[in-house]
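A short worksheet on the structure shown next.
Since we're looking at a predicted model, the values are computed, not measured. Keep in mind that the numbers below use all heavy atoms, side chains included, and drop hydrogens, waters and symmetry copies. Numbered from 1 within each chain, the chains take letters A, B, ... in sequence-line order.
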Amino acid sequence: MPIRLPTTSLRTAGQAVRGARPASVVGGITFARGKATLPDLSYDYGALEPFISGKIMELHHKGHHQTYVNGLNSALEAIADAKAKGNDMQAAAVAPLLNFHGGGHTNHTLFWENLAPNNKGGGGEPEGSLKGAIEKDFGSFATLKKQVNTALAGIQGSGWVWLALDKTAGTLQVITRPNQDPVIGNMIPLLGIDAWEHAYYLQYQNRKAEYFENIWNVVNWKTVAKRLEKAA
Amino acid sequence: MPYTLPKLPYAYDALEPSISKQIMELHHSKHHQTYITNLNKALETSATALSQGNLADHAAQLSAIRFNGGGHINHSLFWQNLCPASSADAKPETAAPTLHAAIASTWGSLDKFKAAFTAELLGIQGSGWGWLVKEKGTGLLRIVTLANQEAVVVGDTPILGVDMWEHAYYLQYLNGKAAYVENIWKIINWKTCEARFVGGRDDAFVALKANM
C-alpha cells in the first residue's frame, strides 16, 4: 500500500523549530525542545562549487532536508498521540513515515558533515589509520573509489551509497540503501553519497556519472576518519 | 530484435507551460534512451548466457531487464497519455466519455479521483510512478503506485501513468512536486486513456510493439 504523508508534512515551507541552542546532540542529529531541527552547514552554500552548485546546496539543505525534518517531527507527534491513546496499531502505522523522514534527516546530516570545500579539508585522499583500513580491505583507495562509483551507478531509483564499518567483522564495506533507509544495526556509516536525483540534477542532469566522479573533490576525509575512530 | 526509442506524438515544447521543453527533451532523448540501451544490452547478455546453458549469468541479468524494461514500458505509455493542453484530447468529458463515467461512478467525480490520485503520487517515497489501472477480472478502476521502474505488466491494464521520478519535473519545479502534479492534469491525453480503458492490455501496449 502506498503511504500517504500527513498534510502537516506536506507544508514544506514552514520554518524549523529552533531553540536558542540545541537541547541535546545525538550522533550529529540536533534536537531542540524535543524536536528535530535543521542543522546549520559548516560552510556556505556556494563553497562546494564547481563540484556541487550553490543552488543545489541551498535547495537540498533548506528545501529537501527541511522537509525530512518536518516529516520526522510529524511522525514523532503522531506516534506520541497514538501512545497517549494506547493505540498501538495507530503508532505502528506511522513506522514507514518515521523510517523515511527519520532516515532522510539522519542521512543528510551525515552527508553535510562528510563534505567540505577544498580550503576546509575537502578532497585529497584519506590519511593515517583510515588510509590503512581502506588499503587493508579494498587494496587501494582507487579500488574503493571505483567500487563506490559502481554502486552509485547501479542504484535503481533513489538511494545512497555508504562506506560503512561492519562492526562484527571489523571490516570496511561499500553498501547501498534505497530511498532514505538509514544505515543501522551492525553497520556504522562513515561516508555517505546521496544518489537521489535532487542531489545533482540541476547541474548534471542525466550525466550522473560526472557528479559521482566530481564529488570526491569535496569529501571531508577528516570527518570519515573521526567516525571510524569513534566506532572502532 | 532490439528495442528503439519511440517518437513523441508532439514536439518537445508542446506541453509547455506544464512541462518545459528542456525537461521533455532530456527525459525522452536521454533518460528513456538509456533505459532502452541498457535493456537491449541486458537482453542480449542474458540470451547469450541462456544459449550457452549458463543459468547463473542469465539470472544475473534479470534485475536489469526488469528495471530497464520497466523504464521503457513506463515511458512509452507515459508519452502517449500526455498531449498539449490545447488539444481536444485533453478534455475528459468529450475525449473519454466511457472512462469519465466509470471514474465518476467509482470516486464520485473526476475531481475526487484527481484528489485521490494526487495524494497517492505525493506519498511516493523515492522514485516511482502512479497509475490508474483497470483491474484484471473485475474490470474495476484502481489507483496503484509502483516503486522505481516497476511496471503494470501482470494482468491489469495501465490506463494513465504519471512519472514521479525527480528527473520528470526537477528542472522546472525543483522541490515543489505538488505543483508539477497539479499542472500535469492539464495535459492528460484522455483519448488515449479511453482507448486503453475500453480496449485492453494489447491496446495499451500498442506503441511498444510498433517500436521494435
Side-chain angles (χ1 to χ4, degrees), chain A residues 1-7 9-13 53 55-56 58-68 70-71 75 95-104 107 153-160 176-181 194-209, chain B residues 22-23 25-35 37-38 42 63-71 74 115-131 142-150 163-179 181:
Chain A
M1 271 298 283
I3 302 305
R4 281 180 202 172
L5 295 178
T7 47
S9 71
L10 289 173
R11 285 185 219 118
T12 58
S53 75
K55 187 159 186 212
I56 287 179
E58 184 168 358
L59 274 162
H60 202 171
H61 180 252
K62 272 204 313 212
H64 293 277
H65 190 168
Q66 182 66 64
T67 302
Y68 294 116
N70 296 347
L97 285 170
L98 181 64
N99 183 68
F100 183 67
H101 293 286
N107 291 337
I155 291 179
Q156 297 179 339
S158 303
W160 292 74
T176 63
R177 288 289 178 273
N179 302 322
Q180 295 297 353
D181 282 2
D194 190 346
W196 279 60
E197 291 179 317
H198 67 233
Y200 62 82
Y201 207 82
L202 289 181
Q203 186 176 354
Y204 296 95
Q205 287 95 40
N206 61 308
R207 304 179 316 278
K208 61 182 176 179
Chain B
Q22 191 193 10
I23 289 178
E25 187 162 2
L26 279 163
H27 202 172
H28 179 254
S29 73
K30 301 295 184 185
H31 290 279
H32 190 169
Q33 181 63 60
T34 302
Y35 291 114
T37 304
N38 291 334
S63 167
I65 293 171
R66 190 180 178 111
F67 180 68
N68 293 294
N74 288 333
F117 198 43
T118 297
E120 297 288 345
L121 292 170
L122 297 179
I124 292 174
Q125 296 182 341
S127 301
W129 292 74
W131 290 94
R142 305 267 189 225
I143 296 168
V144 297
T145 60
L146 295 172
N148 304 322
Q149 295 296 354
E150 293 295 305
D163 190 348
M164 290 306 290
W165 279 59
E166 289 177 320
H167 68 234
Y169 60 83
Y170 206 83
L171 292 178
Q172 187 177 354
Y173 293 97
L174 309 174
N175 60 323
K177 62 181 174 181
V181 174

Report which part of [X] has an atom under 4.5 Å of a heavy atom belonging to chain A: side chain, backbone, both, or neither.
{"X": "B:Ser63", "value": "both"}
{"X": "B:Ala64", "value": "backbone"}
{"X": "B:Leu171", "value": "both"}

For B:Tyr35, the ring-ring contact (aromatic ring centres under 6.0 Å, His included) test, sequence neighbours excluded, returns B:Phe67, B:His75

Would you say the side chain of A:His64 lies within less than 4.5 Å of the side chain of B:Glu166, judging by non-hydrogen atoms?
->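 Yes, side chains in contact.
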
With a 4.5 Å limit on heavy-atom distance, are the side chains of A:Leu97 and B:Gln125 in contact?
-> yes

Heavy-atom closest contact (A:Ser158 atom, B:Ser127 atom, distance) | OG-OG, 2.6 Å

Rounded to the nearest 0.5 Å, how far does [atom2] of [Y] lie from [atom1] of [X]?
{"X": "B:Leu174", "Y": "A:His198", "atom1": "CG", "atom2": "NE2", "value": "12.0 Å"}
{"X": "A:Ile155", "Y": "B:Asn148", "atom1": "CD1", "atom2": "CG", "value": "10.0 Å"}
{"X": "A:Gln205", "Y": "B:Gln22", "atom1": "CD", "atom2": "CD", "value": "6.0 Å"}
{"X": "B:Lys177", "Y": "A:Thr67", "atom1": "NZ", "atom2": "OG1", "value": "8.5 Å"}

Specify whether B:His31 and A:Tyr201 have parallel, tilted or perpendicular ring planes, treating 30° as the upper limit for parallel and 60° as the lower limit for perpendicular.
->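 Answer is parallel, since the angle falls under 30°.
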
